[in-house]
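Computation of the quantities below employed the complete heavy-atom set of this structure, encompassing side-chain atoms and omitting hydrogens, waters and symmetry-equivalent molecules. All values reported here derive from a predicted model rather than from experimental measurement.
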Amino acid sequence: MDTLKFFVASLFANVTGMLFPIKNDILGLVFLFSVNFLIGVLADVSNHREWSFRKAFRFFRDAAIYFVMIASIYLLGYLKGEEGVAIHCVSFMIYVAIYFYGTNILRNARMITSDRSTLFKILDFLYYVMSLRVFERYSYLKDYLEYEKSNKNIL
């Protein structure tokens, strides 16, 4: 049993050491996911919605899957000897997460604030820019959102 514990601890330490170059990216994702979770809970509470363990579990499951994807992409690139390419790929995935979780945070934050407050106007403007104007600058995002919109009509 001690051998298994030592093996698992050694494996964890080695993988953690290999992920050191993307440490700040991982910490940024932890921050982004934490803010998203907290603002989502506040939006539910302020709109008198019931707390859902299922929704919270789904969020943590999705966050864990995203972390595993980020770590796997970096580790595969590192093992192939293409660490720079792997870091760029991880950065792209971080920006994608910032876009989608950022718009979700802004949408939920708007639901928390009063419709007449200055903060609501700021959040509403930022949400407008993030949800409608940012994607025009990035052709891949624009193509994806149009693809998603057209497939929703089919399904």
Measuring from [X]:[atom1] to [Y]:[atom2], what's the distance to the nearest 0.5 Å?
| X | Y | atom1 | atom2 | value |
| --- | --- | --- | --- | --- |
| Ile87 | Tyr78 | CD1 | OH | 11.0 Å |
| Lys23 | Phe20 | NZ | CZ | 4.5 Å |
| Arg110 | Asp124 | CZ | CG | 4.5 Å |
| Lys121 | Leu119 | NZ | CG | 11.5 Å |
| Ile105 | Leu38 | CD1 | CG | 9.5 Å |
| Asn104 | Tyr127 | CG | OH | 8.5 Å |

Count the heavy atoms of every other residue, nucleotide or ligand shown that sit under 6.0 Å from [atom1] of [X], and state whether that count exceeds 12.
| X | atom1 | value |
| --- | --- | --- |
| Phe67 | CZ | yes |
| Phe100 | CZ | yes |
| Arg116 | CZ | no |

Assigning hydrophobic clusters by single linkage (Ile, Leu, Val, Met, Phe, Trp, Tyr; side-chain heavy-atom cutoff under 4.5 Å), is [X] placed with [Y]?
| X | Y | result |
| --- | --- | --- |
| Leu42 | Phe31 | yes |
| Leu27 | Tyr101 | no |
| Leu4 | Phe12 | no |
| Met130 | Phe120 | no |
| Leu79 | Val85 | no |

Would a 4.5 Å heavy-atom cut-off, applied to side chains only, mark [X] and [Y] as touching?
| X | Y | result |
| --- | --- | --- |
| Ile22 | Leu19 | yes |
| Val129 | Phe125 | yes |
| Lys55 | Asp44 | yes |

At their closest point, which heavy atom of [X] faces which heavy atom of [Y], and how far apart are they?
| X | Y | value |
| --- | --- | --- |
| Ala86 | Gly77 | CB-CA, 3.7 Å |
| Tyr66 | Val96 | OH-CB, 4.4 Å |
| Met111 | Ser46 | O-OG, 4.0 Å |

| request: Determine yes or no for a side-chain-to-main-chain donor-acceptor pair under 3.5 angstrom, with Asn14 supplying the side chain and Ser10 the backbone. | output: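 Yes: the side chain of Asn14 pairs with the backbone of Ser10.
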| note | Taken in chain and number order and not counting sequence neighbours, the residues that satisfy side-chain hydrogen bond (donor to acceptor under 3.5 Å, both in side chains) with Tyr74 are Glu83
| said: Can you tell me how the ring of Phe33 sits relative to the ring of Phe59, calling it parallel under 30°, perpendicular over 60° and tilted otherwise? | reply: perpendicular
| message | Using the salt bridge (Lys or Arg N to Asp or Glu O under 4.0 Å) criterion, which residues pair with Arg107? Sequence neighbours excluded. | response |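 For Arg107 there are no salt bridge (Lys or Arg N to Asp or Glu O under 4.0 Å) partners, ignoring immediate neighbours.
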| task | Could you list the residues that satisfy side chain to side chain contact (heavy atoms under 4.5 Å, CB included) with Ile73, not counting sequence neighbours? | result |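 In terms of side chain to side chain contact (heavy atoms under 4.5 Å, CB included), with neighbours along the sequence ignored, Ile73 is linked to Cys89, Val90, Met93.
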| Is there a side chain to side chain contact (heavy atoms under 4.5 Å, CB included) between Tyr99 and Thr103 once you walk through the steps? | CA-CA 6 Å; Tyr99 173 76; Thr103 54; 4.1 Å; yes
| request: Assess whether side chain to side chain contact (heavy atoms under 4.5 Å, CB included) is satisfied between Leu29 and Ile94, documenting all intermediate values. | output: CA-CA 7 Å; Leu29 275 180; Ile94 300 295; 3.4 Å; yes
